[in-house]
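Along the sequence shown, the residues carry numbers beginning at 1.
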Amino acid sequence: MARPISASHDQRRDEILEVAATCFAQQSYPATSMNDIAAACGTSKARLYHYYSSKEAILFDLLDRYTQKLLLIIGQAEARAERQAMDDRAALHELVRAFLGEYETSATRHAALLGSTQFLATEQREIILNRQRDVVAAVGRFLRRAYPTRMNAHNQMAITMTLFGMINWTFTWLRPGGPISYADFAEEVIGMLEHGLVDPPSTSAL
């Protein structure tokens, strides 16, 4: 009978993923070696192999966990909106806040998702890409419910990707302790959604 994996083993894997994400963000995935990750973890490469068989295995576990977390955030937002009887716009706004709340502490993971997925083996890459597609589709549904008169089958993807364009690259410029916080930026994004996607005034009202 196989020995169960200990809690300390899982904790150590979590720590390795955190360090590896930082290494990938600082040096790029191709430029990072198992030696680099081991050194940053304060351990030996042989010891690192006890937890992960390869650098590719580390990257896949990192992105596998992170994309599952993003889908969980969507599910939690939907449940919270139903529980609190939010209208569709309020539900979308809460989702924006939840995403940016996650991005504040996951900058290096998000950088890996956007910049290193192509280095995975084909089957693993498809798993991650399909999760990304699921995230995009779900956010598109939130948007279409929130702004039904402005969104349709022709512009839904464009507007959805415009929203992601506003929030997805915050890891490159938005720093904790800077002139604007992630929470404040979430409100800026919500304001742009509201003023950019509300129905235009009718000409008769002018």
Side-chain angles (χ1 to χ4, degrees), residues 5 10-11 13-22 24-25 29 52 56-148 151 153 155-172 174 182-183 185-187 189-190 193 197:
I5 296 175
D10 286 341
Q11 181 180 352
R13 283 169 69 97
D14 291 343
E15 293 168 354
I16 291 168
L17 293 179
E18 185 71 28
V19 170
T22 300
F24 298 155
Y29 174 80
Y52 285 101
E56 292 77 10
I58 293 175
L59 178 63
F60 178 68
D61 196 19
L62 178 71
L63 300 184
D64 183 46
R65 295 186 190 204
Y66 186 57
T67 50
Q68 288 190 66
K69 180 67 178 294
L70 295 179
L71 290 172
L72 177 62
I73 287 171
I74 292 169
Q76 290 172 333
E78 290 176 329
R80 185 163 57 252
E82 183 175 352
R83 187 171 61 251
Q84 297 180 9
M86 294 179 186
D87 64 35
D88 289 328
R89 284 192 186 176
L92 172 64
H93 300 165
E94 281 301 297
L95 181 62
V96 170
R97 294 183 183 106
F99 269 131
L100 282 166
E102 175 63 27
Y103 290 177
E104 183 172 8
T105 58
S106 300
T108 55
R109 287 174 169 78
H110 203 71
L113 179 63
L114 296 181
S116 300
T117 301
Q118 69 268 30
F119 298 111
L120 293 171
T122 301
E123 288 186 8
Q124 293 179 335
R125 184 168 63 249
E126 279 304 304
I127 290 171
I128 301 305
L129 290 176
N130 282 334
R131 294 228 187 95
Q132 289 181 283
R133 294 176 187 121
D134 289 343
V135 169
V136 170
V139 172
R141 290 192 295 271
F142 268 81
L143 278 162
R144 195 162 184 176
R145 290 194 298 263
Y147 305 105
M151 300 202 42
N155 68 12
Q156 180 168 320
M157 179 59 73
I159 293 175
T160 301
M161 297 314 294
T162 297
L163 172 56
F164 277 116
M166 285 193 284
I167 67 175
N168 263 4
W169 298 92
T170 48
F171 70 87
T172 66
L174 186 54
Y182 274 78
F185 181 62
E187 299 311 313
V189 172
I190 289 166
L193 287 173
L197 292 175

Student: Applying ring-ring contact (aromatic ring centres under 6.0 Å, His included), can you list everything that pairs with Phe119, at least two apart in sequence or on another chain?
Tutor: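 With neighbours one apart ignored, the set is Tyr29.
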
Student: Name all residues meeting the salt bridge (Lys or Arg N to Asp or Glu O under 4.0 Å) criterion together with Arg83; count only those two or more places apart in sequence or in a different chain, and write none if there are none.
Tutor: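 Arg83 satisfies salt bridge (Lys or Arg N to Asp or Glu O under 4.0 Å) with no other residue.
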
Student: With sequence neighbours excluded, tell me which residues meet salt bridge (Lys or Arg N to Asp or Glu O under 4.0 Å) with Glu187.
Tutor: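 Residues passing salt bridge (Lys or Arg N to Asp or Glu O under 4.0 Å) with Glu187: Arg97.
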
Student: If a pair satisfies ring pair (Phe, Tyr, Trp, His ring centres under 6.0 Å) and one of its residues is in residues 57-97, list it, with sequence neighbours excluded.
Tutor: Tyr66-His110

Student: Output all residues satisfying side chain to side chain contact (heavy atoms under 4.5 Å, CB included) with Gln156, sequence neighbours left out; order by chain, then residue number.
Tutor: Arg144, Met151, Thr160

Student: For residues 69-82, which side-chain N or O atoms pair as donor and acceptor with protein atoms under 3.5 Å away, sequence neighbours left out?
Tutor:
residue : atom : partner : partner atom : Å
Lys69   : NZ   : Glu102  : OE1          : 2.9

Student: Who are the side-chain hydrogen bond (donor to acceptor under 3.5 Å, both in side chains) partners of Asp64, not counting sequence neighbours?
Tutor: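 Partners of Asp64 under the side-chain hydrogen bond (donor to acceptor under 3.5 Å, both in side chains) test: Gln68, Arg131.
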
Student: Return the CD1 to CZ distance between Ile190 and Phe185, rounded to the nearest 0.5 Å.
Tutor: 10.5 Å

Student: Which residues pass the side-chain hydrogen bond (donor to acceptor under 3.5 Å, both in side chains) test with Tyr103, sequence neighbours left out?
Tutor: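 Once residues adjacent in sequence are excluded, the partners of Tyr103 under the side-chain hydrogen bond (donor to acceptor under 3.5 Å, both in side chains) criterion are Asn168.
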
Student: Does Arg141 have any side chain to side chain contact (heavy atoms under 4.5 Å, CB included) partners at least two apart in sequence or in another chain, and if so, which?
Tutor: Ala137, Ala138, Arg145

Student: Restricting to side chain to side chain contact (heavy atoms under 4.5 Å, CB included), what partner residues turn up for Met166, sequence neighbours left out?
Tutor: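 For Met166 the side chain to side chain contact (heavy atoms under 4.5 Å, CB included) partners, ignoring immediate neighbours, are Leu163, Val189, Met192, Leu193.
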
Student: Please enumerate all residues that pass side chain to side chain contact (heavy atoms under 4.5 Å, CB included) together with Ala183, with sequence neighbours excluded.
Tutor: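 Applying side chain to side chain contact (heavy atoms under 4.5 Å, CB included) to Ala183 gives Ser181.
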
Student: Once you round to the nearest 0.5 Å, how far does CG of Leu114 lie from CZ of Phe171?
Tutor: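 It comes to 5.0 Å.
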
Student: Can you give me every donor-acceptor pair (side chain of residues 121-130, partner residue at least two apart or in another chain, under 3.5 Å) with its distance?
Tutor:
residue : atom : partner : partner atom : Å
Arg125  : NH1  : Leu120  : O            : 2.7
Asn130  : OD1  : Arg133  : NH1          : 2.6
Asn130  : ND2  : Glu126  : O            : 3.2

